[in-house]
Protein chains: 2
Amino acid sequence: MDIASSEVSDAGTLVACRSCQARHGVVCGALSSSQLRELGRHSLRRKVDAGSEIIAQGAESSFYSNIMRGVVKLCKVMPDGRQQIVGLQFAPDFVGRPFVRESTLSAEAATDSEICVFPRNLLDRMISGTPELQRSLHDQALKELDAAREWMLTLGRRTAEEKVASLLHLIATHAEPQTATSTAFDLPLTRAEIADFLGLTIETVSRQMTRLRKSGVIRIENFRHIIVPDMDELERMISA
Amino acid sequence: MDIASSEVSDAGTLVACRSCQARHGVVCGALSSSQLRELGRHSLRRKVDAGSEIIAQGAESSFYSNIMRGVVKLCKVMPDGRQQIVGLQFAPDFVGRPFVRESTLSAEAATDSEICVFPRNLLDRMISGTPELQRSLHDQALKELDAAREWMLTLGRRTAEEKVASLLHLIATHAEPQTATSTAFDLPLTRAEIADFLGLTIETVSRQMTRLRKSGVIRIENFRHIIVPDMDELERMISA
DNA sequence: CGGAAACTTTGATCTGGATCAAATCGCAAT
DNA sequence: ATTGCGATTTGATCCAGATCAAAGTTTCCG
């Protein structure tokens, strides 16, 4: 293992990683079996507790990760403490900014997660020699760009109620549906995190959630578990 | 010329394009001279008037462009007419979404512009065979992603005054400075467009501009020409 | 040159979401 | 069970920015 353990061991449990060899993750799908074996030799499966940082804003990082399980939030913080979540990532997304060592944002596990960590040097070398991998990472960047721009519309032009509905819709999209129309899931974010994603306050988020509940669009159990009886109804609230 | 003129001639003047052969633009820098010659044979220099569309939201497009001169705004519109500008692009940026025919946003010239238009098929083929080009487009996508996320922070967490200052700062960044500290430029956007970029109304934009003027951070001539005597002062307003 | 249309500023008022302030809930530790 | 604490909800009030309404400016075209 050539990953300095000081970099990755302070917030989770390290176990040997065989997952990449099993072709999980955005990166692994684009590699040959010999590359996979090499990457596997140098990667670590890491459990990350909810709330712990994977990459710090402004810090240099010498590794990348694939998300194997859980939800990761990408966050920007201003000097005065104001905070904006600029993206959510789900398995099997790739975490890390190719080609640039310093990160302009932090990546933090929103739920208990598992990631597969591998060294930047090795992957950068593989990218150069593997057009398919370059393409795969390019695709992920374009996907994230689309998501970011869609969210800019939400932040700039939607009302608080539409914002909360948009968030529920986004998360519901990553849960497997119960039936043709209904979906249920656990929120991976606290009210404070939802507020930081939507550019609102926790009070407004809470009020809009109870509004949605009272109007029958969602049911809420234990603050965290959301049931959407009819996804179409949720979509109609977003006018998109 | 194998670009259907119906696609590109309705809003500008077409002239034969030699600019790509001269290695302008994000795309052209990554091509060999024989590829440049081929691309040049199939590209058109097009003049685009301010306000005319380059790509329509939801439409399929069979061409890409390089911006040679001018400013292009990327815009998302909701069914009810609410609108959000999700990015500004300057020469020599690339316009178009690689690999995906249908655009989720519209690209429109904000100022009178010149773009170099070339066929999607040809460039897609060149991307596959030219890792350097793939890398160059990947870099542009990552740059746009950083810009989008930076703007999400602005939309979600900054005040109206900070938003307007952020916009002026963004545009000033793309103008060449007058002296070490001072910069001057013509705004490429109307107040309505600024409002759609910042998630505000035109009245609020106008009021904040006069506030900045009265506090001496900027001078305004003819509504459109902005003079920033001290860029540091502008940056301090953004707290970033 | 005139005059209309589009853009911008300015003023008055309103309101959606922020802020301030308690309750209430749920859960972990004792 | 009890306590204590963080997360959430709910209520009361406030205010930044929206909305409504004129009144300038500028541009452009006949």
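Labels below follow one simple rule: chain letters A, B, ... track the order of the sequence lines, proteins then strands, and each chain is numbered from 1.
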**Student:** Return the value, rounded to whole Å, for the distance between atom CZ of B:Arg158 and atom P of D:dG17.
**Tutor:** 14 Å
**Student:** Is there side-chain contact between A:Asp196 and B:Arg157, with heavy atoms separated by less than 4.5 Å?
**Tutor:**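 Yes, close enough: below the 4.5 Å cut-off.
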**Student:** Quickly work out the A:Glu221 CD to C:dG26 P distance and round it to whole Å.
**Tutor:**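 Rounding to the nearest Å, CD of A:Glu221 and P of C:dG26 are 12 Å apart.
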**Student:** Quick check for you: among C:dG26, D:dG17, C:dA18, whose closest atom lies nearest to any side-chain atom of A:Thr201?
**Tutor:** C:dA18
**Student:** Tell me the closest heavy-atom pair linking A:Ile115 and A:Ile67, and the distance in Å.
**Tutor:**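 For A:Ile115 versus A:Ile67, the nearest heavy atoms are CG2-CA, 4.2 Å.
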**Student:** Might you point out which heavy atoms bring B:Phe185 and B:Ala175 nearest each other, and give the distance in Å?
**Tutor:** CB-CB, 3.8 Å
**Student:** From CZ of B:Arg157 over to P of D:dG17, roughly how many Å is that when rounded to an integer?
**Tutor:** 13 Å
**Student:** In whole Å, what is the span from the CZ atom of B:Arg211 to the C1' atom of C:dT9?
**Tutor:** 16 Å
**Student:** Write down the distance between NZ (B:Lys163) and C1' (D:dG17), rounded to a whole number of angstrom.
**Tutor:**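 Checked: the NZ to C1' distance equals 9 Å.
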**Student:** Rounded to whole Å, please give me the gap between CG in B:Leu187 and P in C:dC7.
**Tutor:**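 Going from B:Leu187 (CG) to C:dC7 (P), I get 15 Å.
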**Student:** Would you name the heavy atoms of B:Thr181 and B:Pro229 that are closest together and state the gap between them?
**Tutor:**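 Between these two residues, the closest heavy atoms are OG1-O, 3.5 Å.
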**Student:** Using the salt bridge (charged side-chain N to carboxylate O under 4.0 Å, His left out) definition, which of the options A:Arg207, A:Lys214, A:Arg211 pairs with A:Glu161?
**Tutor:** A:Arg211
**Student:** I need the minimum non-hydrogen distance between A:Ser52 and A:Val48, along with the two atoms involved.
**Tutor:** OG-CG1, 2.9 Å
**Student:** Taking only the side-chain nitrogens and oxygens of B:Asn222, find out if one of them lies under 4.0 Å from OP1 or OP2 of D:dT26.
**Tutor:**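 Result: yes.
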**Student:** Using heavy atoms to find the nearest nucleotide of DNA chain C for B:Lys214 and A:Ala160 separately, return the residue whose nucleotide is more 5′.
**Tutor:** B:Lys214
**Student:** Do any N or O atoms of the protein come closer than 3.5 Å to N or O atoms of nucleotides 6-9 of chain D, and which pairs are they?
**Tutor:**
{"unit_1": "D:dT8", "atom_1": "OP2", "unit_2": "A:Arg191", "atom_2": "N", "d": "3.0"}
{"unit_1": "D:dT9", "atom_1": "OP1", "unit_2": "A:Arg191", "atom_2": "NH2", "d": "3.0"}
{"unit_1": "D:dT9", "atom_1": "OP2", "unit_2": "A:Arg191", "atom_2": "NE", "d": "2.7"}
{"unit_1": "D:dT9", "atom_1": "OP2", "unit_2": "A:Ser206", "atom_2": "OG", "d": "2.9"}
{"unit_1": "D:dT9", "atom_1": "O5'", "unit_2": "A:Ser206", "atom_2": "OG", "d": "3.1"}

